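Here is how names work: the chains are called A, B, and so on, in the same order as the sequence lines, proteins then strands, and each is numbered from 1. Everything quoted here is computed from the prediction, not taken from an experiment.
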Protein chains: 2
Amino acid sequence: MAGSSHLIVDEPAVQLGRNLTYGLLDSIGRAIVTGQFEDQVFPTEAELAKQHGVSRSVTREAVKMLTAKGLLSARPRQGTTVQPTSSWNLFDTDVLRWMLERQLSVDLLRQFNELRVAVEPEAAALAARVAGEDDIKRIDDGLRRMQAAERGLDDPLEADIAFHVSVLRASKNPFYIQLRDVVSTALRTSIRFTNRIKGRTADVAEHAKVRDAIASRDPGAARVAMRTIIGDVLVLIEDRLPSTD
Amino acid sequence: MAGSSHLIVDEPAVQLGRNLTYGLLDSIGRAIVTGQFEDQVFPTEAELAKQHGVSRSVTREAVKMLTAKGLLSARPRQGTTVQPTSSWNLFDTDVLRWMLERQLSVDLLRQFNELRVAVEPEAAALAARVAGEDDIKRIDDGLRRMQAAERGLDDPLEADIAFHVSVLRASKNPFYIQLRDVVSTALRTSIRFTNRIKGRTADVAEHAKVRDAIASRDPGAARVAMRTIIGDVLVLIEDRLPSTD
DNA sequence: CCAATCATAATTATCATATGAATTGACTTA
DNA sequence: TAAGTCAATTCATATGATAATTATGATTGG
């Protein structure tokens with residue numbers, strides 16, 4: 001259709017997502033995160049609707065969702081404004097994905113792994129104390145997949161994600177468990193930076209240490225082993241990639 | 001309609017928050033978190049609007065915000081449904097506040113401090129490496145307030161919050177910084193559990209150690225000192241309060 | 001000229017209603 | 001039985017009107 005018979009149309013209606021609202025959410029979210037509104041005022045509700053070719057209902061609902069994620073603030077007369085990055089909810093997978101997908105996310109990748117180096121060793125230690133049979137099974141599964149990936153029989157990235165997620169889950173702490181999606185999102189999105197990192201023998205061996213420590217109820221060893229893994233990644237990032245600070 | 005001149009009115013319109021939408025957000029959010037919809041189906045958009053005496057627009061926008069925070073999911077024909085708690089965004093201050101304000105939050109309080117014991121020592125270590133003059137100043141301020149509080153000249157809780165927040169901020173890691181609001185919210189909300197804990201001399205001395213380690217650029221010492229502080233809180237919670245596991 | 005007050009306009013907030021789209025489940029039919 | 005059809009339900013979208021809020025500029029009093 002492109003043309004029907006009359007032309008018109010300010011902009012092709014958004015298409016991403018399962019419906020117009022989520023498409024617009026994604027579109028505006030990306031635009032904000034990539035800094036498109038740093039040097040200009042954010043459009044009004046009516047302007048947004050017109051620019052994207054959707055109704056005000058859709059526009060308002062998308063804006064409200066972005067408000068809930070900390071990216072926007074709306075007040076009568078003052079208009080809708082982009083919030084400072086410090087109030088963006090980085091633990092929201094949408095926000096994190098938008099941030100990692102943009103350029104120059106090397107710093108963010110490093111900072112994210114600084115978080116992991118804090119959280120995952122503690123989660124492993126906790127898991128060593130409270131993990132159940134089924135948790136150990138899931139961790140074993142993850143480890144098996146990594147070993148398979150080593151021989152080219154599985155996707156190294158997905159295997160790595162599966163392992164780390166299984167440990168977080170085994171901690172039974174909802175805050176750590178929450179980081180499942182965050183870690184998954186971050187690892188998948190930043191694949192272009194880390195694609196050659198995973199699947200090495202030394203890496204798999206260290207993961208096995210974590211598994212064994214948890215299975216034998218040794219929190220200290222689990223903590224150390226996990227810290228080694230993430231610490232290595234961190235060193236790798238700091239060595240290979242230039243910071244833009 | 002509805003009213004004409006007779007009585008009617010299903011429910012007094014929501015009032016909390018700065019406007020109807022935020023009031024409804026708060027009302028429904030609390031209801032979900034307190035488990036009110038565990039044994040019954042979530043109302044439809046039209047029912048919600050009627051029950052709370054607001055328009056469908058307001059209802060939809062509140063639902064969309066709760067969706068953005070991971071509490072709800074909406075699909076045509078299937079209706080709006082409460083998501084499993086594992087998908088709730090606990091790092092959202094609204095969600096966290098709702099959860100802490102309800103009863104039986106002892107476990108959550110412990111789990112939250114398990115997160116702190118992972119994050120804050122690392123943040124302190126990081127701060128020891130990257131903190132600037134102004135960061136140290138803010139940490140000093142927080143420490144001074146704690147010392148003042150020890151002599152009854154300041155609010156112990158607010159002083160404690162100020163100190164910990166200043167350290168998180170000094171780490172310059174946005175993920176840690178993000179936890180500022182989370183930590184503030186959690187500490188303020190859970191005051192009834194910890195009100196007698198703070199302000200002891202030993203506690204203030206340990207905080208001073210953190211400050212000194214950061215100022216003298218000693219990441220290891222900063223990590224240990226901070227870990228001691230949070231570890232003590234954790235022990236206190238586990239000793240004094242019965243778990244409901 | 002300055003300060004305080006007020007009026008105006010811009011913008012979001014809310015309401016009401018109509019229509020579209022998607023999904024489910026029952027029903028029909030071969 | 002199995003596949004296809006149809007209807008009902010619920011969210012999704014569109015639109016127009018009105019209310020509430022408040023930044024900004026105009027006005028007034030001293």
Below 4.0 Å: OP1/OP2 of D/dT13 and any side-chain N or O of A/T21:
yes
Nearest to side-chain heavy atoms of A/V54, which nucleotide of D/dC11, D/dT9, D/dA14:
D/dA14
Using a cut-off of less than 4.0 Å, is there contact between a side-chain N or O of B/T80 and OP1 or OP2 of D/dC11?
yes
Between B/L168 and B/V183 the two heavy atoms that sit nearest each other are CD1-CG2, 4.1 Å
Please work out if A/E45 contacts a base, only the sugar-phosphate, or nothing of the nucleic acid, heavy-atom cut-off 4.0 Å.
sugar-phosphate
Comparing A/P76 with A/V58, nearest DNA chain D nucleotide closer to 5' gives the residue A/V58
For atom CZ of A/R60 and atom P of C/dC15, their distance in whole Å
11 Å
Decide yes or no, distance alone: a donor-acceptor N/O pair under 3.5 angstrom between the base of D/dA14 and the side-chain of A/S57.
yes
Minimum-distance nucleotide to B/L20 side chain [options: C/dT14, C/dA13, D/dT13]
C/dT14
Of the options C/dT24, C/dA13, D/dA12, whose atoms approach the side-chain atoms of B/A74 most closely?
D/dA12
Where do B/L187 and B/L157 come nearest, in terms of heavy atoms and distance?
O-CD1, 3.9 Å
Ring geometry between A/F91 and B/F91 (parallel below 30°, tilted from 30 to 60°, perpendicular above 60°):
parallel
Report yes if a side-chain nitrogen or oxygen of B/S55 is closer than 4.0 Å to either non-bridging phosphate oxygen (OP1 or OP2) of C/dT14; otherwise report no.
no
With a 4.0 Å limit, can you tell me whether A/R77 has a side-chain N or O closer than that to the phosphate oxygens OP1/OP2 of D/dA20?
no
Closest of D/dA23, C/dT14, C/dT17 to the B/R56 side chain is C/dT17
Using a cut-off of less than 4.0 Å, is there contact between a side-chain N or O of B/K64 and OP1 or OP2 of D/dA12?
yes
Would you mind checking if B/D140 and B/R211 are paired as a salt bridge, meaning a charged N to carboxylate O distance below 4.0 Å?
yes
